[in-house]
Amino acid sequence: MKRTKWFLSFFICLLFFPLSGCRNNEPAGIQTDIQTDMQEAAAAGEKAKEEIGIPQIGRVKSICELATLECRYHNVAKATKEAGEGVLHWGEKERTFWISYTGIAEIGFQTKDIKMKQEGTSITIMLPKPYVSCRVDSDSWTKDSYVISGDRWIQKNPITADDQTRAIHAAQTAMEEKIRNNSSLLNTAEFQAKELIENYIIQIGEAAGITYTISFEDAEASKEN
């Protein structure tokens, strides 16, 4: 029975602010929508102005969904495929292979778990913990992405597509775990989401002549209470 040992090597540091090219995906459309709401509020009658000046949970969810923190990283997965056991595998050679690729990490929020509670001018946003997902940038694959040790001429021990897929999957899983344990990245994503939500509520309130008090709670903790 053949066994494959997975040794994952990461050529990035996740201790401080780790991933290169981190950026917020806030689209210009968010500010455009807010400006449209403000213009409608300014042109509306008093009753309509009050209705327009009420923050909408749908808009809050859209802001969180679109303003995802995206980071790129360089990763290398290393695996050793052992020679098989038994007569049929006599003479096989243990082989090592490396796969180098660029990955994209996204840190955002599940919009279905975002809630909003309003009591007069006091607004509470229930925000879940950020989720982390990693994917491979397909454009980063080239013939130079692979380094594979030599095989024997006769009793071969080939590196299969399945071997490579498992190596990448293991590397991606390990990377996601590293990011989940990186409080700096998670705090940055949470801070940016809160800042965008606050700006939306403040601006929409100002357009209607309303001053809102905004607070945030942990969505998971709110479910337990």
Side-chain angles (χ1 to χ4, degrees), residues 17 19 21-44 47-73 103-137 172 175-225:
F17 197 77
L19 309 181
C22 286
R23 63 186 180 88
N24 191 291
N25 284 339
E26 179 195 357
I30 290 179
Q31 288 301 323
T32 300
D33 289 344
I34 292 175
Q35 291 298 324
T36 299
D37 289 345
M38 293 174 65
Q39 291 171 4
E40 291 178 354
K47 183 176 181 181
K49 186 182 294 186
E50 290 179 4
E51 293 177 353
I52 293 174
I54 298 175
Q56 303 298 315
I57 183 61
R59 185 61 56 80
V60 171
K61 289 183 176 182
S62 295
I63 289 172
C64 286
E65 184 176 31
L66 297 173
T68 300
L69 183 66
E70 184 179 279
C71 305
R72 300 177 70 84
Y73 57 89
I104 300 173
E106 290 186 347
I107 307 172
F109 299 87
Q110 294 289 353
T111 57
K112 64 181 180 63
D113 297 324
I114 299 173
K115 308 293 181 185
M116 183 175 72
K117 180 174 62 176
Q118 181 174 357
E119 296 179 353
T121 59
S122 296
I123 294 179
T124 302
I125 304 294
M126 277 70 81
L127 202 63
K129 296 297 183 184
Y131 72 82
V132 175
S133 66
C134 294
R135 69 180 189 276
V136 176
D137 182 357
Q172 290 291 84
M175 179 58 69
E176 287 185 2
E177 185 63 24
K178 278 183 172 288
I179 296 174
R180 289 192 188 98
N181 291 327
N182 188 288
S183 59
S184 176
L185 277 178
L186 298 182
N187 289 340
T188 297
E190 189 170 343
F191 173 81
Q192 290 182 347
K194 289 179 177 179
E195 186 175 45
L196 287 170
I197 293 170
E198 285 184 341
N199 287 341
Y200 158 65
I201 295 175
I202 290 172
Q203 289 183 52
I204 207 68
E206 287 178 347
I210 303 171
T211 301
Y212 287 110
T213 301
I214 308 159
S215 61
F216 291 90
E217 292 183 358
D218 186 304
E220 283 77 8
S222 298
K223 290 179 181 178
E224 298 175 358
N225 296 333

**OG1 on Thr213 to CD on Glu119, rounded to 0.5 Å** = 11.5 Å
**Prompt:** Roughly how far, to the nearest 0.5 Å, is the CD1 atom of Ile125 from the CD atom of Gln118?
**Reply:** 9.5 Å
**Request:** Hey, could you give me the CG/NZ distance between Asn182 and Lys178, rounded to the nearest 0.5 Å?
**Result:** 9.5 Å
**Request:** Find the distance between CG (Asp113) and NZ (Lys61) and round it off to the nearest 0.5 Å.
**Result:** 8.5 Å
**Rounded distance (nearest 0.5 Å) linking atom CD1 of Ile54 with atom CD1 of Ile204** = 10.5 Å
**Fill in**
When every non-hydrogen atom of Ala189 is compared with those of Phe109, the smallest separation belongs to O-CE1, 3.8 Å
**Message:** Within the 4.5 Å heavy-atom criterion, are Leu127 and Cys64 side-chain neighbours or not?
**Reply:** yes
**Asked** Can you check side chain to side chain contact (heavy atoms under 4.5 Å, CB included) on Ile107 and Leu186, steps first, answer last?
**Response** CA-CA 7 Å; Ile107 307 172; Leu186 298 182; 4.0 Å; yes
**Message:** Looking at Tyr212 and Glu198, would you say the former's side chain and the latter's main chain have a donor-acceptor pair under 3.5 Å?
**Reply:** no
**Item:** All salt bridge (charged side-chain N to carboxylate O under 4.0 Å, His left out) counterparts of Glu176, not counting sequence neighbours
**Value:** Arg180
**pair Tyr131-Ser133: side-chain heavy atoms closer than 4.5 Å** = yes
**Item:** Lys115 with Glu217: basic N within carboxylate O range, under 4.0 Å
**Value:** no
**Message:** Using a 3.5 Å distance criterion without hydrogens, assess whether the side chain of Asn181 forms a donor-acceptor pair with backbone atoms of Glu177.
**Reply:** yes
**Asked** Where is the tightest heavy-atom contact between Pro128 and Ala219, given as atom of each residue plus distance?
**Response** N-CB, 3.6 Å
**Fill in**
dist Ser215:OG -> Met126:CE (nearest 0.5 Å) comes out at 9.0 Å
**Heavy atoms from other residues, nucleotides or ligands near NZ of Lys194 exceed 12 (cutoff 6.0 Å)** = yes
**Complete:** Between Gln56 and Tyr200, the two heavy atoms sitting closest are N-OH, 3.0 Å
**Asked** Can you check whether Ile57 reaches Ile114 side chain to side chain, under 4.5 Å on heavy atoms?
**Response** yes
**Prompt:** Heavy atoms, side chains only, cut-off 4.5 Å: are Gln192 and Thr188 in contact?
**Reply:** yes
